[in-house]
Amino acid sequence: QKVQKTTKPVSKTADPFDDPAVGGKFTIFVLMYGNFFEMHRRCINNILSTVPENRRELRIGCNEVCPQTLDYLTQLQRDGHIQLMYNSRENRKKYPMMRTMFHDSAHPINTKWLLWFDDDSMADKDPGWARKLAELIINIQETKNAMVGQVKRWNIKGSQANWIKSRPWYKGRHFQIRNGQEAPNGQKIRFAEGGFWALRTDVMREAQVPDPEIGHNGGDYMVGEQVWQAGYDTKHWNQNKCFVTTSSVPRRGLHEKHTGTTGWKPGGV
């Protein structure tokens, strides 16, 4: 007799953070850049006010931030609100700093899930967003969804396909077609918008996220492809920025050739 599998509903009374799929807390990474103190303060304060202290470990990366931002963050670290800071006086670009933060052997990530925020991403829509994310993680735990975010698509350029196939994390999995299925003629990547996403920590390590050759532009979809090549999928969440407002200000910082495109160099130019 065939036994029908049922999905266990999320409890309405128990704290979803305590579910084994979540593991008690998130490690939250925030990358900050430049002379934008008021935005930086707003970004951090939104996280501090919406994620309970016992449910987060906060790690901050600073790329060439202004003295006011650095003083503010240093005080928060003294007060115990920030657990770890990485400070660079120069702009090391987004993904090199991300790699330093994710693969710090002296301070390994000990949570099951990690969250990424750009400094212009604001958790200002729903004060219960972190709990709802934890509930979603419980509901997808038996699927191949290992990344969560606002899903977008990228059309792979020919030279980018060659770069992907040259990387050690490439496993020969076909690229995707529009509906998210893999196919021999696939030319697309489904990925989480780069300003805010969540990722299983073990998958980050398995997929080698982020690739050390990624510089600044074109990294979010390459991270999505790394997750895909490792055998996992990305779950659509934060539709219409209903939980976290990404890209809350006009684009700032560097503009460079996208990873793997013609004329591109490792680390970006």
Side-chain angles (χ1 to χ4, degrees), residues 5 7-31 47-48 50-61 80-86 95 97-118 121 123 126 128-151 169 171 190-211 220 223-238 243-244:
K5 187 177 180 180
T7 301
K8 182 181 177 181
V10 175
S11 170
K12 298 296 184 181
T13 56
D15 193 325
F17 279 100
D18 291 324
D19 191 278
V22 180
K25 65 171 63 176
F26 296 135
T27 302
I28 302 176
F29 292 86
V30 185
L31 179 64
I47 294 171
L48 296 180
T50 56
V51 186
E53 185 174 2
N54 65 330
R55 301 306 190 186
R56 57 173 156 80
E57 179 178 332
L58 188 55
R59 302 186 179 193
I60 311 296
H81 300 300
I82 293 173
Q83 280 63 56
L84 202 59
M85 276 214 308
Y86 302 81
Y95 292 94
M97 178 61 85
M98 181 189 293
R99 188 165 181 85
T100 295
M101 297 167 78
F102 284 2
H103 300 277
D104 181 354
S105 59
H107 304 93
I109 305 166
N110 294 315
T111 57
K112 290 189 174 182
W113 282 77
L114 62 89
L115 276 58
W116 179 267
F117 279 79
D118 285 353
S121 294
D126 184 339
W129 70 271
R131 180 187 177 95
K132 292 175 181 178
L133 177 58
E135 291 172 347
L136 176 71
I137 288 170
I138 295 169
N139 286 335
I140 65 174
Q141 63 182 302
E142 296 184 3
T143 73
K144 298 296 287 185
N145 289 298
M147 194 169 194
V148 174
Q150 189 170 10
V151 170
W169 43 264
K171 305 302 181 185
R190 290 177 75 255
F191 66 98
E193 182 184 30
F196 166 76
W197 42 262
L199 177 63
R200 268 175 44 190
T201 302
D202 62 329
V203 173
M204 177 275 289
R205 295 186 175 119
E206 180 183 349
Q208 305 172 47
V209 170
D211 187 288
D220 49 5
V223 166
E225 185 61 25
Q226 289 181 260
V227 172
W228 175 257
Q229 288 297 324
Y232 302 94
D233 295 326
T234 298
K235 176 68 175 178
H236 185 48
W237 195 69
N238 197 38
F243 297 114
V244 176

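Heads up: numbering here begins at 1 and tracks the sequence.
The backbone N or O of Q150 sits nowhere less than 3.5 Å from a side-chain atom of N238 that would complete a donor-acceptor pair. In this structure, S121 contributes its side chain and G195 its backbone to a donor-acceptor pair below 3.5 Å. A donor-acceptor pair is defined here as one N or O able to donate and one able to accept, closer than 3.5 Å; no such pair exists between the side chain of Q141 and the backbone of A21. A donor-acceptor pair under 3.5 Å is formed between the side chain of Q226 and the backbone N or O of Q208. Judged by distance alone, with hydrogens and angles left aside, the side-chain atoms of H103 form a donor-acceptor pair with the main-chain N or O of V209 at under 3.5 Å. Side-chain atoms of T111 come within 3.5 Å of backbone atoms of T27 as a donor-acceptor pair (strictly under, hydrogens ignored). Distance alone, capped at 3.5 Å, places no donor-acceptor pair between the K112 side chain and the F26 backbone. Using a distance-only test at 3.5 Å, with no hydrogens or angles considered, no donor-acceptor pair links the side chain of R59 to the main chain of I82. Between the R200 side chain and the A146 main chain, no donor and acceptor come within less than 3.5 Å of each other.
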Test W116 against M98 for side chain to side chain contact (heavy atoms under 4.5 Å, CB included), laying out the working first.
CA-CA 9 Å; W116 179 267; M98 181 189 293; 3.7 Å; yes
Could you check V30 against D118 for side chain to side chain contact (heavy atoms under 4.5 Å, CB included), going step by step and ending with a plain yes or no?
CA-CA 6 Å; V30 185; D118 285 353; over 6 Å; no
Side chain to side chain contact (heavy atoms under 4.5 Å, CB included) evaluation trace for V151 with K235
CA-CA 7 Å; V151 170; K235 176 68 175 178; over 6 Å; no
How far apart are the C-alpha atoms of F117 and I47, what are their side-chain angles, what is the distance that settles it, and do they pass the side chain to side chain contact (heavy atoms under 4.5 Å, CB included) test?
CA-CA 10 Å; F117 279 79; I47 294 171; 4.0 Å; yes
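Checked for salt-bridge contact, R55 and D18 meet the test: a charged N lies under 4.0 Å from a carboxylate O.
Summarising the geometry of K132 relative to W237, their closest heavy-atom pair is C-CZ2, 4.1 Å, with the distance given to 0.1 Å. Residues V223 and P210 approach most closely at CG2-CB, 4.2 Å, considering heavy atoms. For L115 against A198, the heavy-atom pair with the smallest separation is CD1-CB, 4.0 Å. A pairwise comparison of heavy atoms in K25 and E57 identifies CD-N, 4.4 Å as the closest pair. The nearest pair of heavy atoms linking G80 to E53 is O-OE2, 4.2 Å. Contact between M204 and L199 at its shortest, heavy atoms only, is CB-CD2, 3.6 Å.
Here the straight-line distance linking atom CZ of R56 with atom OG1 of T50 works out to 8.5 Å at 0.5 Å rounding. Atom CZ in F17 sits 9.5 Å away from atom CD1 in I138 (nearest 0.5 Å). Here Q83 contributes atom CD and I28 contributes atom CD1; the two are 9.5 Å apart, rounded to the nearest 0.5 Å. Atom CG of residue D19 and atom CD of residue E135 lie 10.5 Å apart, to the nearest 0.5 angstrom. If you take CG on L114 and CD1 on I109, they are separated by 5.0 Å, rounding to the nearest 0.5 Å. Once rounded to the nearest 0.5 Å, the distance linking CD1 of I60 with NE2 of H81 reads 12.5 Å.
Looking at heavy atoms from C-beta onward, F191 lies out of side-chain contact with V227 at the 4.5 angstrom threshold. A heavy-atom distance below 4.5 Å is not found between the side chains of E206 and W169.
Each of F102, Y86, W113, F196 was compared with F29 under the ring pair (Phe, Tyr, Trp, His ring centres under 6.0 Å) criterion, and only F102 meets it.
Looking at W228 and D233, their side chains never bring a donor and an acceptor atom within 3.5 Å of each other.
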